[in-house]
Amino acid sequence: MPENPITIAIDGPSGSGKSSVSKQVARELGLTYLDTGAMYRALTWWCLQQGIDLTDTQEVAEQALTYPLEIGTDPDAPSIHVGGTDVAAAIRETALSEQVSHIATNLAVRATMRDQQRQLIADARHAGAGIVVEGRDITTVIAPDADHRFLLTASEEARLARRARELFDTDDAQAIAATHNQIVRRDAADATVSAFFEPAPGVVGIDTSDLTFEQSVGAVLDAIAQATPTPTPFHTPDDGGN
Ligand SMILES: Nc1ncnc2c1ncn2[C@@H]1O[C@H](COP(=O)(O)OP(=O)(O)OP(=O)(O)O)[C@@H](O)[C@H]1O
Ligand SMILES: Nc1ccn([C@H]2C[C@H](O)[C@@H](COP(=O)(O)O)O2)c(=O)n1
């Protein structure tokens with residue numbers, strides 16, 4: 001268990017690779033992993049289940065305070081339940097992805113999510129575990145004091161192709177067109193409340209457009225290694241420096 005558990009914050013637009021890269025970085029460094037986007041998705045699922053109008057900002061904000069979320073932080077088995085129901089698959093469905101921005105642009109919801117996410121990070125640290133946290137506002141709002149902060153980017157073309165391949169197993173023109181709402185339209189809405197296209201000062205930007213997945217993970221790990229000072233051996237004044 002690390003004595004001084006680190007926090008690694010990773011942001012980026014849709015399809016930049018932040019979820020898959022963050023999970024792998026957490027595995028390789030033996031850290032826990034928090035997918036904050038899953039929390040917005042889970043609240044969306046819950047509100048839809050309750051028949052709540054997602055544009056009713058006050059009602060949705062009240063649900064954010066009380067919805068029965070349980071989120072696991074094991075990068076090998078990230079789990080998410082709402083009211084005891086496993087929602088891991090349901091929150092990735094296209095229909096839900098196309099509605100989650102109603103929730104993510106609700107400023108009262110964001111304030112509640114900020115408190116909940118900071119508490120989850122604090123819980124991990126108190127348990128002696130480091131954590132990789134990914135989303136849209138982790139480097140800037142949730143954990144601006146994180147030990148390492150990254151913004152993963154990729155060209156729109158690369159991001160559309162990745163998501164099309166994930167959803168349809170092909171990146172032909174029809175698949176790209178069907179993916180447009182989930183990437184371009186959603187990012188445009190989400191970018192009205194968070195800045196995730198350009199790295200904030202002090203945040204390391206990594207363009208993954210022309211990288212393989214493994215190279216993206218390597219770029220993050222290399223940057224962490226370079227920024228981590230190697231301990232210098234301790235010498236007493238009379239040991240001659242040996
Ligand atoms: N160079 C790369 N870096 C990261 N992921 C890549 C790369 N090349 C291809 N991929 C693939 O692209 C997909 C990226 O999906 P991922 O869910 O990680 O993105 P995301 O940024 O978290 O998107 P969203 O915010 O919509 O969930 C994965 O299937 C991943 O394997
Ligand atoms: N810190 C965060 C995390 C996510 N969001 C928004 C952006 C998306 O519309 C939605 C789902 O995120 P994804 O699973 O696609 O990463 O939640 C946000 O605003 N802030």
Side-chain angles (χ1 to χ4, degrees), residues 1-2 5-12 14 18-27 29-54 56-139 141-143 146 166 186 190 193-194:
M1 210 179 276
I6 60 169
T7 302
I8 299 173
I10 303 187
D11 285 328
S14 290
K18 61 189 177 301
S19 302
S20 40
V21 168
S22 296
K23 225 178 289 175
Q24 188 60 22
V25 166
R27 283 188 197 110
L29 297 179
L31 306 176
T32 56
Y33 160 72
L34 178 62
D35 175 356
T36 61
M39 296 173 69
Y40 286 94
R41 289 173 180 270
L43 177 59
T44 305
W45 180 88
W46 170 257
C47 289
L48 290 171
Q49 287 290 308
Q50 303 299 307
I52 291 165
D53 174 1
L54 301 186
D56 181 343
T57 50
Q58 198 174 336
E59 178 59 36
V60 172
E62 278 166 28
Q63 296 298 322
L65 289 166
T66 55
Y67 82 119
L69 174 75
E70 285 169 73
I71 186 161
T73 56
D74 176 352
D76 285 324
S79 62
I80 184 150
H81 292 80
V82 183
T85 302
D86 181 346
V87 297
I91 63 172
R92 305 286 161 197
E93 284 177 9
T94 300
L96 190 140
S97 295
E98 291 185 355
Q99 298 190 73
V100 64
S101 292
H102 288 300
I103 302 287
T105 55
N106 180 325
L107 295 181
V109 167
R110 297 197 74 79
T112 301
M113 289 280 179
R114 178 198 61 212
D115 294 346
Q116 293 171 350
Q117 290 162 10
R118 285 183 179 167
Q119 187 59 53
L120 287 163
I121 296 169
D123 290 348
R125 291 176 68 89
H126 288 143
I131 191 162
V132 182
V133 189
E134 55 99 351
R136 303 291 191 289
D137 59 352
I138 312 305
T139 61
V141 175
I142 307 299
E166 251 180 8
R186 188 153 65 96
D190 295 334
V193 290
S194 306

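Counting begins at 1 with the first residue of the sequence.
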Return the set of residues passing side-chain hydrogen bond (donor to acceptor under 3.5 Å, both in side chains) with T94 (not counting sequence neighbours), or none when no residue passes. Q182
Could you tell me whether the side chain of P68 reaches within less than 4.5 Å of the side chain of W46, counting heavy atoms only? yes
side-chain hydrogen bond (donor to acceptor under 3.5 Å, both in side chains) filter on T7, not counting sequence neighbours, yields R125
S194: partners by side-chain contact (heavy atoms from CB on, under 4.5 Å), with sequence neighbours left out: R110, R136, D137, F196
Listed by chain and number, what are the side-chain hydrogen bond (donor to acceptor under 3.5 Å, both in side chains) partners of T36, not counting sequence neighbours? none
By side-chain contact (heavy atoms from CB on, under 4.5 Å), which residues pair with T32, not counting sequence neighbours? T73, A124, A129, I131
Not counting sequence neighbours, which residues clear side-chain contact (heavy atoms from CB on, under 4.5 Å) with D123? List them please. Q119
Would you list the pairs meeting salt bridge (Lys or Arg N to Asp or Glu O under 4.0 Å) in which at least one residue belongs to residues 30-41, sequence neighbours left out? D35-R92
Donor on one side chain, acceptor on other, R186 and S14, under 3.5 Å: yes
Listed by chain and number, what are the side-chain hydrogen bond (donor to acceptor under 3.5 Å, both in side chains) partners of R27, not counting sequence neighbours? Q24, D76
Scan for salt bridge (Lys or Arg N to Asp or Glu O under 4.0 Å) pairs involving residues 62-75, sequence neighbours excluded, and state none if there are none. none
All side-chain contact (heavy atoms from CB on, under 4.5 Å) counterparts of P78, not counting sequence neighbours: K23, Y33
Got a sec, which residues hit salt bridge (charged side-chain N to carboxylate O under 4.0 Å, His left out) with E166, two or more places apart in sequence or on another chain? R163
Could you point out which residue of D11, I10, I138, L31 forms a side chain to side chain contact (heavy atoms under 4.5 Å, CB included) with S22? I10
Please report the C-alpha distance between H102 and T44 in whole Å, then the side-chain angles of each, then the deciding distance to 0.1 Å, and finally whether the side chain to side chain contact (heavy atoms under 4.5 Å, CB included) criterion is met. CA-CA 8 Å; H102 288 300; T44 305; over 6 Å; no
Quick one: do the N106 and T57 side chains pair a donor with an acceptor below 3.5 Å? no
Applying side chain to side chain contact (heavy atoms under 4.5 Å, CB included) to V60 and D53, what does each step give before you reach the verdict? CA-CA 8 Å; V60 172; D53 174 1; over 6 Å; no
